2 protein chains.
Amino acid sequence: MTARASFREKYEAAAAANDSLLCVGLDPDPSRLAPGADIDAWLREVVEATADLVCCYKPNAAFFEARGSVGMEALLQLIDGIPDEIPVLLDAKRGDVGHSAEFYARAVFEVLGADAVTVNSYLGGDAVEPFLVYEDRHAFVLCRTSNAGAGELQDRAVGGGRPLYLEVAARANEWNTRGNVGLVVGATYPEEARAIRELCPDLLFLMPGVGAQAGELEAAVHAALDARAGGIIVNASRSVLYPAGGGAAASRAEAQRLRDALREAVRTAGHAGRAD
Amino acid sequence: MTARASFREKYEAAAAANDSLLCVGLDPDPSRLAPGADIDAWLREVVEATADLVCCYKPNAAFFEARGSVGMEALLQLIDGIPDEIPVLLDAKRGDVGHSAEFYARAVFEVLGADAVTVNSYLGGDAVEPFLVYEDRHAFVLCRTSNAGAGELQDRAVGGGRPLYLEVAARANEWNTRGNVGLVVGATYPEEARAIRELCPDLLFLMPGVGAQAGELEAAVHAALDARAGGIIVNASRSVLYPAGGGAAASRAEAQRLRDALREAVRTAGHAGRAD
């Protein structure tokens with residue numbers, strides 16, 4: 001038997017093969033398609049049209065759960081149909097006390113077969129640990145999120161004056177004894193992303209919230225790249241899934257545009273990089 | 001059409017009718033039953049055996065998700081089979097950015113038909129709001145949880161020196177414009193529960209973590225009761241679901257023991273109450 005490739009290995013191989021730091025978020029919102037359209041078939045089309053342009057796919061559990069057990073079956077089949085060489089990160093933001101967390105980890109990793117998951121560490125490290133015992137998977141701890149209200153709690157200064165999100169980042173370093181802890185760091189807050197990267201040079205960052213503007217994307221990449229010009233997974237969901245005009249060709253074009261913009265941002269970071 | 005009763009109304013009616021502050025947690029762990037036993041049938045038996053002894057049922061989503069789409073269908077049917085006069089609080093600890101949170105709220109309230117849910121506010125108030133627009137439902141914000149590692153982040157002092165969990169409690173008061181915000185307050189930490197009650201005199205507390213010792217239970221009740229000798233929902237899961245010896249009669253006996261211990265604690269709080 002050969003060992004299963006870890007999430008990190010799959011991510012690095014896909015990022016290299018596709019020369020891409022782009023992750024496409026799979027958030028099936030039926031209201032974004034024509035009435036009666038098959039949303040699951042559409043997700044499969046988008047995956048087929050973009051699989052050579054991405055380093056990861058990120059289905060969001062909320063959109064599947066809103067369809068009940070049918071949605072959970074669709075999620076299982078979607079994950080099963082994603083090419084083996086592209087890792088799957090389930091955006092589920094789970095977090096519960098130890099015994100319940102064990103069941104969440106089983107659901108995500110064993111039942112659904114995801115390679116990675118997002119988790120919430122408000123309950124403490126013992127709520128994260130049940131995910132980390134799956135050594136070949138990855139758990140991305142919510143650190144500084146991309147939403148407008150992210151700072152309401154995350155920016156509050158805790159002991160020593162550093163904000164809560166940096167306290168979480170510091171804990172994530174401690175929890176990372178198996179090399180399978182990552183962080184969720186909103187692409188919308190480059191300044192915060194830079195502070196987190198300084199504290200956590202080795203962790204993978206999942207960066208949601210990339211908008212349409214190339215400037216934002218560039219700032220996020222420059223702030224968050226690791227010393228090897230990698231270590232980030234930049235997610236776009238709606239702009240790829242529901243492109244203006246519609247159709248898989250438009251999804252592919254948008255994914256290509258973002259992939260290329262990310263490459264360009266990595267290139268310019270190389271010039272700017274060691275100066276600051 | 002008559003308006004649907006709100007979670008709070010259902011809780012208060014059930015607490016009065018059954019003279020009970022006990023919630024039974026429904027966490028189907030097949031490893032706790034004999035091999036081949038029908039775990040869903042067992043949950044139904046426990047509900048039948050205890051419905052006149054409780055103020056709430058609390059299924060935990062983790063245990064159902066670990067069984068895939070079959071588990072989600074079982075959860076739907078379990079909730080559907082609980083007597084209408086007993087409210088159902090789904091322990092799901094959801095929390096995501098606004099658009100995703102809307103889908104989680106739809107899943108919990110519209111698809112599964114729960115009366116209330118537990119939520120995680122690390123992302124800020126905008127992640128909680130999509131649950132609160134369902135005015136007849138209730139969202140219990142994780143405040144000070146019952147697990148051993150709860151204090152790792154929750155106890156960190158934020159600006160002004162108060163711990164993060166009290167900051168969350170203060171925010172919950174602000175978010176409570178529709179009267180449908182509650183808090184999760186571990187029964188294992190009476191001192192913290194008392195501080196939260198002082199800050200939040202009107203919020204409902206969900207209190208998990210009641211162990212076998214009556215002393216713990218009494219301390220938790222004395223700390224957390226509101227001015228009307230109510231406002232708490234004390235949860236027990238495993239001791240009722242998987243009683244020593246097994247069988248629905250043993251589950252009923254344990255629920256009765258806990259219900260009566262809670263009544264006694266309320267009575268002694270009445271004596272002790274206004275003194276401190």
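Letters A, B, ... are given to chains in the order of the sequence lines, protein chains preceding strands, and every chain is numbered from 1. These figures come from a predicted structure and were not determined experimentally.
- Considering only heavy-atom pairs separated by less than 4.5 Å from chain B, the leading option among A:Ala127, A:Pro208, A:Gly124, A:Ala107 is A:Ala107.
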Take A:Val117 and A:His138 through the side chain to side chain contact (heavy atoms under 4.5 Å, CB included) test and state the conclusion after the steps.
CA-CA 6 Å; A:Val117 65; A:His138 225 81; over 6 Å; no
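- For B:Tyr165, the parts sitting under 4.5 Å from any heavy atom of chain A are the backbone and the side chain alike.
- At a heavy-atom cut-off of under 4.5 Å, chain B is reached by A:Asp96, A:Val97, A:His99, A:Ser100, A:Phe103, A:Tyr104, A:Arg106 from residues 96-106 of chain A, listed in order of number.
- Annotation: cation-pi pair B:Arg137/B:Phe131 absent, no NZ/CZ under 6.0 Å from the ring centroid and within 45° of its normal.
- Nearest heavy-atom pair, A:Leu90 versus A:Ala114, reported as atom, atom and distance to 0.1 Å: CB-CB, 4.0 Å.
- Contact count against chain A (heavy-atom pairs under 4.5 Å) is highest for B:Glu65 among B:Glu110, B:Glu65, B:Glu167.
- The two atoms that bring A:Leu203 and A:Ala172 nearest to each other are CD1-CB, 4.0 Å, heavy atoms only.
- The residue among B:Asp27, B:Asp91, B:Val168 with the most heavy atom pairs within less than 4.5 Å of chain A is B:Val168.
- Highest contact tally toward chain A, considering only B:Arg94, B:Glu73, B:Met72, B:Arg67, is held by B:Arg94 [criterion: heavy-atom pairs under 4.5 Å].
- Contacts of B:Ala61 with chain A are made by both backbone and side-chain atoms, with heavy-atom separations under 4.5 Å.
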Step by step, work out the side chain to side chain contact (heavy atoms under 4.5 Å, CB included) result for B:Tyr242 and B:Leu33.
CA-CA 8 Å; B:Tyr242 311 111; B:Leu33 295 186; 4.1 Å; yes
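- A:Ala224 and A:Ile232 make their closest contact through O-CG2, 3.4 Å (heavy atoms, listed as atom of the first residue, atom of the second, distance).
- Residues B:Ser69 and A:Phe64 fail the side-chain proximity criterion, which asks for heavy atoms closer than 4.5 Å.
- Counting non-hydrogen atoms of other residues, nucleotides and ligands closer than 6.0 Å to CZ of B:Arg238 gives a total of 12 or fewer.
- Aromatic ring centres of B:Tyr122 and A:Tyr122: separated by at least 6.0 Å.
- Looking at every heavy atom in both residues, B:Cys23 comes nearest to B:Ile233 through CB-CG2, 3.5 Å.
- Between chain A and the options B:Val158, B:Leu123, B:Asp29, B:Val111, heavy-atom pairs under 4.5 Å are most frequent for B:Leu123.
- Looking at B:Arg178 and B:Glu129, a side-chain N of the basic residue comes within less than 4.0 Å of a carboxylate O on the acidic one, giving a salt bridge.
- Both the backbone and the side chain of B:Ser121 come within contact range of chain A, each with at least one heavy atom under 4.5 Å from a heavy atom of that chain.
- By number of non-hydrogen pairs under 4.5 angstrom with chain A, the leading residue of B:Gly71, B:Gly161, B:Ala66, B:Gly125 is B:Ala66.
- Contact between B:Val240 and B:Glu254 at its shortest, heavy atoms only, is CG2-CG, 3.8 Å.
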Does B:Ile82 form a side chain to side chain contact (heavy atoms under 4.5 Å, CB included) with B:Asp80? I'd like the steps, not just the answer.
CA-CA 6 Å; B:Ile82 289 173; B:Asp80 202 47; over 6 Å; no
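- Residue contact with chain A, scored on non-hydrogen atoms closer than 4.5 Å, is absent for B:Arg162.
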Evaluate B:Ile196 against B:Leu166 for side chain to side chain contact (heavy atoms under 4.5 Å, CB included), listing each step before the verdict.
CA-CA 6 Å; B:Ile196 301 167; B:Leu166 284 182; 3.8 Å; yes
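- Between A:Phe63 and A:Pro28 the shortest heavy-atom distance is CB-CD, 3.4 Å.
- In terms of heavy-atom pairs under 4.5 angstrom with chain B, the leader among A:Leu75, A:Leu164, A:Leu76 is A:Leu164.
- The interface of residues 140-151 of chain B with chain A, defined by heavy-atom distances below 4.5 Å, comprises B:Leu142, B:Cys143, B:Thr145, B:Ser146, B:Asn147, B:Ala148, B:Gly149, B:Ala150.
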